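Inspection log for the structure reproduced underneath, given as structure tokens.
All figures in this text were calculated on a predicted structure; none of them were measured in a lab.
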Amino acid sequence: RGYTQYKIKEICEYVWVGEGDAPNNSGNTGTGNTGNGGGTGTSDTGNPIDVKAVNPNDVIPEGVDPIEWFEEKIEDNNLKPCLKAILNDLKNINTGVGRIITKFSGSTPGFNWEVKDSTLSGKTGQTKATYDRLNKKVTTAFDSQAWTNASDLSWARTILHESVHAYIVASFGIDYIQSKKTFADMFKDFIDKKYLNLNDAQHAEIVRNYVEDISASLQEYGTNKGYSLSAQFYNDLSWGGLTEWTKKDSSGNPIYDSLGNKIYEQTPWFISTFPNSSDKNRVKNNILIELTKKDNNGNTKTPKGKNAGC
């Protein structure tokens with residue numbers, strides 16, 4: 001039953017982070033949990049922020065690579081050593097965390113990323129839906145103790161995947177107007193009600209513009225670790241969290257089976273990208289084996305990566 005478990009763990013919940021109230025799928029406006037939003041100059045508590053005050057920690061030192069500066073500022077004091085080691089290795093590659101999330105921004109990420117270890121009821125990772133404007137921070141938690149069989153490659157993928165979610169959350173919290181342009185397709189999908197929730201819209205954006213970058217980063221990470229694996233394998237692995245979603249009714253409510261478990265179905269982008277059933281099975285097996293040491297049928301398999309030691 002490991003595969004069913006994995007599908008649940010890769011579901012993340014997000015809300016729209018930006019200016020004013022968030023649009024909802026009824027066509028009206030709904031109240032978000034981000035306060036007065038990015039363009040109003042107020043914090044989540046409604047207190048004014050002095051935009052003239054400059055924190056010295058936010059100033060890039062002269063001669064320092066802006067991307068490396070961002071990566072070094074990642075707050076990882078509360079991250080377990082096993083994941084901190086993987087994060088540090090990702091920082092040292094040419095296509096690492098900072099470079100992925102600046103692909104379309106054209107500048108240094110304007111936020112601090114806090115990563116920590118936490119109990120997530122079985123999820124691999126979860127990024128907080130709200131942007132902390134006072135501290136210019138987005139927080140992501142990883143549940144390393146729940147996935148002791150996961151390989152270093154699996155955790156590297158999870159970290160990269162969540163870094164994109166963190167960037168999207170921060171972008172709308174920092175500059176709502178510009179973010180509507182940067183993520184024009186995602187914003188249009190949501191306004192047009194193409195997807196029933198923002199989590200699905202964000203995952204569509206990752207497939208559209210980031211999955212290839214995640215794959216490239218994973219391949220460089222793996223090569224640096226001494227693995228000799230195919231580009232196809234790394235591409236398969238980059239689809240973690242993107243192959244299935246919760247089946248929903250016409251109102252967007254999850255559908256459950258007779259035992260009260262959520263029912264999952266393949267995402268439309270996974271179906272269109274991998275129309276052949278054998279390719280779909282290969283992708284899902286590669287993802288699951290690296291996470292659980294078991295394939296879709298529950299058979300024990302040997303991951304290609306080394307155990308992360310969590």
Side-chain angles (χ1 to χ4, degrees), residues 2 5-15 17 33 44 57 68-93 96-98 100-101 109 111-132 134-170 173 199 202-203 206 210 214 217-218 221-222 224-225 237-238 240-242 287-294 303 305-310:
Q5 188 180 42
Y6 169 72
K7 291 184 291 186
I8 295 173
K9 310 320 169 213
E10 291 298 334
I11 298 298
C12 307
E13 298 298 334
Y14 298 91
V15 296
V17 180
N33 61 357
D44 289 346
N57 292 327
E68 292 181 1
W69 179 79
F70 164 75
E71 292 178 338
E72 287 304 314
K73 279 169 52 64
I74 294 175
E75 300 175 26
D76 59 4
N77 292 335
N78 295 316
L79 194 65
K80 277 199 172 181
C82 57
L83 295 188
K84 188 180 294 188
I86 295 171
L87 176 61
N88 287 335
D89 286 338
L90 288 172
K91 292 177 182 179
N92 292 327
I93 64 177
V97 174
I100 283 184
I101 60 181
F111 71 99
N112 300 318
W113 191 27
E114 179 187 24
V115 290
K116 63 182 183 179
D117 200 84
S118 182
T119 300
L120 300 174
S121 300
K123 300 180 182 69
T124 51
Q126 186 175 55
T127 296
K128 189 175 181 180
T130 53
Y131 177 66
D132 179 354
L134 185 61
N135 297 301
K136 299 181 180 180
K137 182 166 65 178
V138 177
T139 300
T140 297
F142 299 99
D143 195 348
S144 59
Q145 57 266 26
W147 300 96
T148 56
N149 286 328
S151 73
D152 53 356
L153 291 173
S154 181
W155 276 119
R157 185 217 60 82
T158 299
I159 292 171
L160 291 168
H161 180 102
E162 292 300 325
S163 76
V164 180
H165 278 303
Y167 174 53
I168 294 173
V169 170
N199 183 56
Q202 285 195 6
H203 278 168
I206 292 176
Y210 290 99
I214 293 174
S217 292
L218 283 173
Y221 170 85
N224 288 351
K225 300 297 288 186
L237 200 58
S238 70
L242 304 171
I287 293 168
L288 192 60
I289 291 169
E290 293 302 313
L291 181 67
T292 68
K293 295 178 67 174
K294 294 183 181 294
K306 297 177 181 177
N307 187 279
C310 294

Practice problem: Using the test side-chain hydrogen bond (donor to acceptor under 3.5 Å, both in side chains), find all partners of Ser144 that sit at least two apart in sequence or belong to another chain. | Solution: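 In terms of side-chain hydrogen bond (donor to acceptor under 3.5 Å, both in side chains), with neighbours along the sequence ignored, Ser144 is linked to Asp117.
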
Quiz item: Between Glu114 and Thr140, is any side-chain donor less than 3.5 angstrom from a side-chain acceptor?
Solution: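 No, Thr140 and Glu114 have no side-chain donor paired with an acceptor closer than 3.5 Å.
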
Exercise. Report the C-alpha separation of Tyr221 and Leu160 in whole Å, then their side-chain angles, then the decisive distance to 0.1 Å, and conclude whether the side chain to side chain contact (heavy atoms under 4.5 Å, CB included) test is met.
Key: CA-CA 11 Å; Tyr221 170 85; Leu160 291 168; over 6 Å; no

Nearest 0.5 angstrom please: [X] [atom1] to [Y] [atom2], how far?
X	Y	atom1	atom2	answer
Ser238	Leu153	OG	CG	12.0 Å
Trp155	Phe142	CH2	CZ	7.5 Å
Leu237	Ile214	CG	CD1	10.0 Å

Practice problem: Tell me, with the steps shown, if Leu242 and His161 meet side chain to side chain contact (heavy atoms under 4.5 Å, CB included). | Solution: CA-CA 10 Å; Leu242 304 171; His161 180 102; 3.8 Å; yes

Exercise. Using a strict cut-off of less than 4.0 Å between a Lys/Arg side-chain nitrogen and an Asp/Glu carboxylate oxygen, indicate whether Glu290 and Arg157 qualify as a salt bridge.
Key: no

Self-check item: Given Gln202, Lys128, Gln126, the one that forms side chain to side chain donor-acceptor pair (under 3.5 Å) with His165
Solution: Gln202

Practice problem: Heavy atoms only: give me the nearest Ile287-Gly240 pair and the separation to one decimal. | Solution: CD1-N, 3.5 Å

Quiz item: Which atoms form the tightest heavy-atom contact between Ala170 and Val138, and what is the distance?
Solution: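 Looking at all heavy atoms of both residues, the closest pair is CB-CG2, 3.6 Å.
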
Check: [Y] main-chain N/O paired with [X] side-chain donor or acceptor under 3.5 Å:
X	Y	result
Asn135	Lys137	no
Thr292	Lys294	yes
Asp143	Thr124	no

Which atom pairs, one a donor and one an acceptor, fall under 3.5 Å between side chains of residues 78-91 and the rest of the protein, sequence neighbours left out?
| from | atom 1 | to | atom 2 | distance (Å) |
| --- | --- | --- | --- | --- |
| Lys84 | NZ | Asp76 | O | 3.4 |
| Asn88 | ND2 | Lys84 | O | 3.2 |
| Asp89 | OD2 | Lys225 | NZ | 3.2 |
| Lys91 | NZ | Glu71 | O | 3.2 |

Quiz item: Do Ile93 and Ser217 pass the side chain to side chain contact (heavy atoms under 4.5 Å, CB included) test, and can you show the C-alpha distance, the side-chain angles, and the key distance before you say yes or no?
Solution: CA-CA 8 Å; Ile93 64 177; Ser217 292; 4.2 Å; yes

